[in-house]
There are 2 protein chains.
Amino acid sequence: MQTPLPKFDSVFSVDCVIFGFEEGVLKILLIERNEPPFKDCYALPGLFVGHDEGIDYAAERTLYELTGLRDIYMEQLYTFGDLDRHPEGRVITVAYYALIRLSSKIEVRPHSNYAKTAFWHPVADLPQLAFDHTLIFQKSLEKIRRKISDQPIAFELLPEKFTLTQLQNVYEAILNRKLDKRNFRKKMLNYGILKELDEKQRGVSYRAATLYKFDRRKYAKVFQKELSFIKE
Amino acid sequence: MQTPLPKFDSVFSVDCVIFGFEEGVLKILLIERNEPPFKDCYALPGLFVGHDEGIDYAAERTLYELTGLRDIYMEQLYTFGDLDRHPEGRVITVAYYALIRLSSKIEVRPHSNYAKTAFWHPVADLPQLAFDHTLIFQKSLEKIRRKISDQPIAFELLPEKFTLTQLQNVYEAILNRKLDKRNFRKKMLNYGILKELDEKQRGVSYRAATLYKFDRRKYAKVFQKELSFIKE
DNA sequence: ACAAAAGTGTTAGTATTACACCCATGA
DNA sequence: TCATGGGTGTAATACTAACACTTTTGT
């Protein structure tokens, strides 16, 4: 005996807050909608979830269709399911956030025609966004603010080799305040999760900084014990 | 011009991990299913989300129908949307967790007949659960472990007036390890979010402990600054 | 008087903060 | 030689961790 599933015409979607870091500025990827509702408005990139795909997969597809990138750091953020969040009916959306290393090679272009354009925009002065996307963005920023101090997600925004100042710039951009250079360096180096390279920055017109890599192996050791919050 | 929403036969549900604390033991509320699939198996309480209700509301309804309680501490946990998580089709579920004060007045009884029984079960030795509910439970436990040290959710599990030892017991049950009594008290009192009452425990056959209340007003002040994780 | 839990301080070690100058490099 | 960011140490303070005995109460 089987009880059939109830039949609802329900729709769910994924929306992605895709963070990038460029010229010392934290940005997210926005699209300009080409379809109603909110035609010509800015919005977070998103897709309807096919009934034959997992939601994580749908989020990865959103990212891939826009940037051509795969295997990006991406996490589920929150699910937004208020009745009135979509003007044309009931749409529940699962929001994700992703961190990507920007480089000149990455070209963003909408793959389908639901979006006219796609572009990076600084988080500091975002325009109005369609639906509840401003709220989704705010929640994603809070999330990475918390997370950045617990877990080494800052590295995901940088090239493989980076200087300590670049790393500090990522922290400052996300936390939105200045940090003390000496203390920052001391702390980062003490964690023991950076590997110093014997390579220096090139092409700068001042003293070249030492390059570092993130050492995933050491990280696993160091940060698993950090799970104890009340420490003792 | 309107683009109609795509029509999928999609189903979503909510599932709730409802924590309670009784006799020094952390428990969750389980039901015994009365319908296939997984008939006669244990599961987390859950409901299909009506197409005319918000998801938060659906979660509150789940809790209310089972316990008669409203206005309970409840937060969204995570959304589970793998293709194969439900044997009869595509069901995306939004998981919530709740913390409730147990008291003899609370009677749990299933309101609909999808469940035969409902009962509290210690988290330490849960039976096998239907669907991916074991995974959902594990994720909820991790979540409250992290959260308990950041935010005063422990109080939600205790009566309004409680002793420091009872509070410590909640921490120990959730974190699953012993804490030092003197350090625990020092730290809790230093936060300044407890109000000492001039009332003592009653009906115990040993020295009666002082009762405390959680002071929500002071909390708001103290913990908003804790949002800075890299402190300086 | 005894059983049971309440209540209480100190010390050593570690982490955090605040703070300012010289160095190396390329233009 | 100058402009630019790289790189470095110390002292004061706050927090954390380890640790054991006396007090109160009811039976």
Side-chain angles (χ1 to χ4, degrees), chain A residues 21 23-25 148-150 152 158-159 161-173 175 177-213 222-223 225-232, chain B residues 23-25 148-150 158-159 161-173 175 177-213 222-223 225-232:
Chain A
F21 185 76
E23 296 151 23
V25 178
I148 199 177
S149 324
D150 273 7
L158 290 172
K161 299 171 181 179
F162 52 85
T163 69
L164 288 176
T165 299
Q166 287 167 346
L167 184 59
Q168 185 175 342
N169 288 340
V170 171
Y171 274 82
E172 291 181 343
L175 298 173
R177 65 204 167 85
K178 290 277 168 215
L179 300 174
D180 180 89
K181 184 161 66 160
R182 278 178 290 193
N183 292 339
F184 180 82
R185 284 159 180 252
K186 212 186 309 171
K187 185 181 261 190
M188 281 296 149
L189 294 174
N190 270 3
Y191 284 150
I193 59 174
L194 295 181
K195 197 187 297 175
E196 183 174 347
L197 305 176
D198 31 76
E199 204 178 332
K200 301 262 167 187
Q201 221 178 2
R202 300 181 131 262
V204 290
S205 72
Y206 46 80
R207 178 173 177 181
T210 304
L211 291 169
Y212 290 81
K213 274 173 80 170
V222 174
F223 275 75
K225 72 179 176 206
E226 301 288 307
L227 278 178
S228 32
F229 286 91
I230 281 221
K231 310 235 180 59
E232 285 188 27
Chain B
E23 295 151 23
V25 178
I148 199 177
S149 323
D150 272 7
L158 288 172
K161 300 170 181 183
F162 52 85
T163 69
L164 288 176
T165 300
Q166 287 167 345
L167 184 60
Q168 185 175 341
N169 288 340
V170 171
Y171 275 82
E172 291 181 343
L175 298 174
R177 66 204 164 83
K178 289 277 167 217
L179 300 174
D180 180 87
K181 183 162 66 160
R182 280 178 288 192
N183 292 340
F184 180 82
R185 285 162 178 251
K186 212 184 312 170
K187 185 182 262 190
M188 282 297 150
L189 294 174
N190 269 2
Y191 283 150
I193 59 174
L194 295 182
K195 195 186 299 173
E196 183 173 345
L197 304 176
D198 32 73
E199 206 179 331
K200 302 262 167 189
Q201 223 176 2
R202 301 182 130 262
V204 290
S205 69
Y206 46 79
R207 177 172 178 181
T210 302
L211 291 169
Y212 290 82
K213 272 173 81 171
V222 174
F223 275 76
K225 72 178 176 206
E226 301 288 306
L227 279 178
S228 34
F229 285 90
I230 280 219
K231 309 230 183 60
E232 285 187 28

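Quick caveat: nothing in here was measured; it's all calculated off a predicted structure. Residue numbering restarts at 1 for every chain, and letters A, B, ... go by the order of the sequence lines.
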request  = Could you pull out all residues at least two apart from B:E196 that satisfy salt bridge (charged side-chain N to carboxylate O under 4.0 Å, His left out)?
outcome  = none
query = Who passes salt bridge (charged side-chain N to carboxylate O under 4.0 Å, His left out) against A:K161, sequence neighbours left out?
reply = A:E199
How many Å lie between [atom1] on [X] and [atom2] on [N], as a whole number?
| X | N | atom1 | atom2 | answer |
| --- | --- | --- | --- | --- |
| B:L179 | D:dA18 | CG | C1' | 14 Å |
| B:N190 | C:dT8 | CG | P | 13 Å |
| B:Q168 | C:dG7 | CD | P | 12 Å |
| A:Y191 | C:dA15 | OH | C1' | 10 Å |

ask   = How would you list, by chain and number, every residue that makes a side-chain hydrogen bond (donor to acceptor under 3.5 Å, both in side chains) with A:Q201, sequence neighbours excluded?
value =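 A:Q201 satisfies side-chain hydrogen bond (donor to acceptor under 3.5 Å, both in side chains) with no other residue.
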Donor-acceptor pairs under 3.5 Å, side chain of residues 204-213 of chain A to any protein atom, not counting sequence neighbours: which ones?
from: A:T210; atom 1: OG1; to: A:K200; atom 2: NZ; distance (Å): 3.1

ask   = Ignoring hydrogens and geometry, is there a side-chain-to-backbone donor-acceptor pair from A:Y171 to A:I148 under 3.5 Å?
value =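 It does hold such a pair.
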inquiry  = Holding to ring-ring contact (aromatic ring centres under 6.0 Å, His included), I want the full list of residues that pass it with A:F21, two or more places apart in sequence or in another chain.
reply    =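 A:F21 satisfies ring-ring contact (aromatic ring centres under 6.0 Å, His included) with no other residue.
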note = Whether each nucleotide of nucleotides 2-9 of chain D has a protein heavy atom under 4.0 Å at its base (B), only at its sugar-phosphate (S) or at neither (-) is summarised, 5' to 3', as --BBBBBB
